[in-house]
K.L.:
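This structure is in structure tokens; I'll ask about it shortly.
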Amino acid sequence: MSNFVLAFRSKPDVMATEEEISDWNAWFQQLGGSVVDVGNRIGEVTLLGEGAGANQISGYSVIDASDFSGAVEIAKGCPGLKYGGSVEVGQPIAM
């Protein structure tokens, strides 16, 4: 098993609805012990350099999965996807 970072992205200045918050809570409960660090929502954001897009980072979590493919499968259940958001999956590299 390995840890993976899920970086959640959404449109700037969009507040989550009660339904969306409920969906997020249910998803995290469903993930159970796979959640290493539920993470946090992220407020003010500034992007430096190239690559500005429609979505900005809005939160992150750390999960435990068998491998990268397993982490991607977990991320496919991210509730933000049905609300116009996106999620990036990354594996930390030990230095």
K.L.:
According to a hydrophobic-cluster definition based on side-chain heavy atoms being under 4.5 Å apart (Ile, Leu, Val, Met, Phe, Trp, Tyr only), do Tyr60 and Val45 belong together?
P.N.:
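Linked within one cluster.
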
K.L.:
Grouping I, L, V, M, F, W and Y whenever their side-chain heavy atoms are under 4.5 Å apart, do Phe4 and Val72 come out in a common cluster?
P.N.:
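Same hydrophobic cluster.
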
K.L.:
Please confirm whether the ring centroid of Phe8 lies under 6.0 Å from the ring centroid of Trp24.
P.N.:
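Ring centroids of Phe8 and Trp24 are less than 6.0 Å from each other.
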
K.L.:
With side-chain contact (heavy atoms from CB on, under 4.5 Å) as the test, would you mind laying out the steps for Leu6 and Glu88 before giving the verdict?
P.N.:
CA-CA 6 Å; Leu6 303 181; Glu88 290 180 63; over 6 Å; no

K.L.:
Please report the closest heavy-atom contact between Ala71 and Val89, naming both atoms and the distance.
P.N.:
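Closest approach of Ala71 to Val89, heavy atoms only: CB-CG1, 3.8 Å.
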
K.L.:
Nearest 0.5 Å please: distance from the CD atom of Gln91 over to the OG atom of Ser2.
P.N.:
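Interatomic distance, Gln91 CD to Ser2 OG, rounded to 0.5 Å: 5.0 Å.
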
K.L.:
Same cluster or not: Met1 versus Ile63, using hydrophobic residues (I, L, V, M, F, W, Y) connected whenever any side-chain heavy atoms lie under 4.5 Å apart?
P.N.:
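In one cluster with Met1: Ile63, no.
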
K.L.:
Leu31 vs Ile74, test: side-chain contact (heavy atoms from CB on, under 4.5 Å). Steps then yes/no.
P.N.:
CA-CA 8 Å; Leu31 294 179; Ile74 290 171; 3.6 Å; yes

K.L.:
What is the distance from atom CD of Glu20 to atom OG of Ser22, rounded to the nearest 0.5 Å?
P.N.:
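One finds 10.5 Å between CD of Glu20 and OG of Ser22.
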
K.L.:
Can you name the nearest heavy-atom pair linking Arg9 to Ile57, along with the distance?
P.N.:
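For Arg9 versus Ile57, the nearest heavy atoms are NH1-N, 3.4 Å.
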
K.L.:
Would you compute the distance between atom CD1 of Ile21 and atom CD of Glu19 and round it to the nearest 0.5 angstrom?
P.N.:
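Going from the CD1 atom of Ile21 to the CD atom of Glu19 covers 11.0 Å.
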
K.L.:
From Asn25 CG over to Asp23 CG, what is the distance, rounded to the nearest 0.5 angstrom?
P.N.:
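Taking CG in Asn25 and CG in Asp23, the distance rounds to 9.0 Å.
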
K.L.:
Are Ser58 and Arg41 close enough, and set up right, to give a side-chain contact (heavy atoms from CB on, under 4.5 Å), and what steps lead you there?
P.N.:
CA-CA 6 Å; Ser58 56; Arg41 294 169 86 180; over 6 Å; no

K.L.:
Starting from Leu81, can I reach Phe28 by hopping between I/L/V/M/F/W/Y residues whose side chains sit under 4.5 Å apart?
P.N.:
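Same hydrophobic cluster.
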
K.L.:
If you compare all heavy atoms of Gly84 against all heavy atoms of Asn55, which two are closest, and at what distance to 0.1 Å?
P.N.:
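It is O-ND2, 3.6 Å.
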
K.L.:
Would Val87 and Val35 show up in the same hydrophobic cluster when neighbours are defined by side-chain heavy atoms closer than 4.5 Å?
P.N.:
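They do share one cluster, since a chain of ILVMFWY contacts under 4.5 Å joins Val87 to Val35.
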
